[in-house]
Structure formats: C-alpha cells, structure tokens
Asker: 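The structure under discussion is supplied below as structure tokens; questions concerning it will follow.
Source: prediction; values computed, not measured. The figures here come from the full heavy-atom set of this structure, side chains too, leaving out hydrogens, waters and symmetry mates.
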Amino acid sequence: MGSGTQGNYTPTKRRGPIAAEFQTPGPATIVLPSSIGINIQESTIKKAPAFSFGSKPEDKLESPGPGPGQYNVTKLTYKGKDEHPAPTIAGRPKDPKKDLTPAPGTYCPEKGEKVIGEHTPAYSFGTKLKIEKPDNIPAPNSYSIPPAIGVAPAYTISGKGKTQPPPMLPGPGQYDSSSPDKIKPKSPAYSLSSRTHLPSDSTQKPGPGAHSPEKVS
C-alpha cells in the first residue's frame with residue numbers, strides 16, 4: 001500500500017509486518033487430543049463426572065405354574081371356608097416318671113456327726129502291701145565259675161533279702177493334743193475375783209423374847 005491523500009484524510013501508516021504476510025500452518029494441521037469420552041489422557045479442560053448405564057439384565061424364565069382352573073374352590077367364599085368350626089381334642093399326655101428318691105429311713109444322720117461336729121483328728125494306716133512271689137532264680141552255687149586267672153572279673157547275683165516287718169507306729173489315741181495357745185497367739189483371758197462379804201457383827205445377841213421390860217424398875 002502506498003501513501004496518498006484522499007481529500008483531507010491521511011491513512012494510518014502501519015508500524016510493522018502483519019501475520020497475513022507470512023505462511024503459517026492452518027488450524028487443521030495441529031491435532032489436539034479429543035475431549036470427548038471418559039479416558040482422556042491429555043486435556044486441559046475440566047470435565048464433569050461421567051456415569052455409565054448398567055448392562056441390560058437377562059430375562060429370567062419364569063417356571064410355568066398351575067392355571068386358575070386347577071385350584072379347588074368348592075366351599076370357599078370371600079370370607080373363608082363355608083364350614084363350621086371343628087376343634088379337635090388333644091391326646092392324653094403321658095404320666096411323668098416318678099423320681100427315684102431315697103426314703104426317710106435310708107439316711108443315717110449319725111454318720112454325719114464326724115464331719116459336721118467337732119472331734120479329734122483321726123488317722124488311718126495304709127493298706128498292707130502284697131508280697132511279690134519269689135522269682136525262679138538259680139542260687140549262687142548253681143553257676144559254674146571259670147578260673148579267675150587270666151579272666152575278666154565276674155560278678156554273681158546276691159540272694160533275695162528278707163522282708164522287713166512293718167514298723168511299730170503309735171496309734172492315734174497315743175498322741176497328746178496340746179493346746180493351740182502354745183502355738184498360736186493367745187487371746188486375753190480374764191478371771192473372776194472371789195466373793196466379798198459385807199462387814200457385819202457376827203456375835204450372838206439375845207432375841208426379842210429374851211427381854212423382860214416389866215422387871216425393870
């Protein structure tokens with residue numbers, strides 16, 4: 001464009017080159033990622049939450065049922081059965097079994113006095129041990145002992161010892177049960193004092209009949 005005058009108007013001179021004078025790529029040259037859909041990898045546009053529809057459920061095959069004409073509707077009204085009430089009598093229950101409890105004469109309360117009442121401690125002896133049968137073991141002289149010269153030492157089995165009689169232990173009644181105050185702390189004990197006599201005159205005095213006031217002048 002050249003400079004010129006159109007009457008009194010002077011056109012504005014441009015200050016520099018404009019973009020139309022240069023060859024630049026068009027809008028179709030730049031391929032931007034799509035902003036439509038759910039899985040958007042590169043996008044600067046904020047999107048609203050997206051929800052998907054559920055899959056269509058499969059139609060269930062209903063089992064064929066009986067038709068209306070197969071029901072027995074005799075003696076039926078809209079209020080129920082057209083019959084009189086017929087209650088039934090329940091069966092007789094079985095008699096309960098009797099408890100096998102002991103009779104009053106079976107109890108022995110006198111045996112419980114040893115457990116409930118106070119009594120001295122009683123001890124019992126142990127049961128007698130059974131004497132084992134002697135084993136059929138040969139005697140020491142039944143063995144043939146080889147000569148001891150140049151032979152390793154040999155040992156013989158000793159005979160069976162005599163069974164010792166049971167020790168003579170004192171019976172439970174021979175023990176002297178001492179007072180528990182000698183072992184445990186003794187509680188305080190108090191004694192009553194002797195009876196006191198009131199001071200009185202114990203001399204013999206004449207009774208009322210021994211006086212004769214009429215003989216006094």
Side-chain angles (χ1 to χ4, degrees), residues 78-217:
Y78 67 95
K79 293 183 179 181
K81 289 185 177 181
D82 189 11
E83 294 180 355
H84 297 288
T88 58
I89 300 174
R92 184 178 181 182
K94 296 181 180 180
D95 295 334
K97 294 182 180 180
K98 297 181 179 180
D99 298 332
L100 298 175
T101 54
T106 310
Y107 297 96
C108 298
E110 61 274 2
K111 295 181 180 180
E113 294 180 358
K114 296 180 180 180
V115 182
I116 300 174
E118 296 181 357
H119 63 283
T120 56
Y123 304 95
S124 61
F125 292 97
T127 57
K128 185 178 180 181
L129 301 175
K130 294 181 180 180
I131 301 175
E132 299 180 356
K133 294 182 180 180
D135 299 330
N136 295 326
I137 300 174
N141 55 358
S142 300
Y143 297 95
S144 57
I145 301 175
I149 299 174
V151 184
Y155 304 93
T156 58
I157 301 174
S158 61
K160 185 178 181 182
K162 296 181 180 180
T163 57
Q164 298 180 358
M168 301 298 292
L169 300 176
Q174 296 184 8
Y175 292 98
D176 185 12
S177 58
S178 60
S179 177
D181 295 336
K182 297 180 180 179
I183 303 172
K184 297 182 179 179
K186 183 179 179 181
S187 57
Y190 305 96
S191 61
L192 300 176
S193 61
S194 60
R195 185 177 181 181
T196 58
H197 296 279
L198 297 175
S200 60
D201 189 4
S202 60
T203 59
Q204 294 183 359
K205 297 178 177 59
H211 296 277
S212 300
E214 67 276 0
K215 295 181 179 180
V216 180
S217 57

Asker: Which pairs pass salt bridge (Lys or Arg N to Asp or Glu O under 4.0 Å) with one or both residues in residues 184-197, sequence neighbours excluded?
Answerer: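 Of all non-adjacent pairs touching residues 184-197, none passes salt bridge (Lys or Arg N to Asp or Glu O under 4.0 Å).
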Asker: Is the number of heavy atoms from other residues, nucleotides or ligands under 6.0 Å of L169 CG greater than 12?
Answerer: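 Result for CG/L169: enclosed.
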Asker: Please list all pairs passing the side-chain hydrogen bond (donor to acceptor under 3.5 Å, both in side chains) test where one or both residues lie in residues 205-216, with sequence neighbours left out.
Answerer: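 Only D201-K205, T203-K205 qualify under side-chain hydrogen bond (donor to acceptor under 3.5 Å, both in side chains).
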Asker: Check F125 against P170 and note the closest heavy-atom contact, atom names and distance.
Answerer: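 Closest heavy-atom pair between F125 and P170: CZ-O, 4.3 Å.
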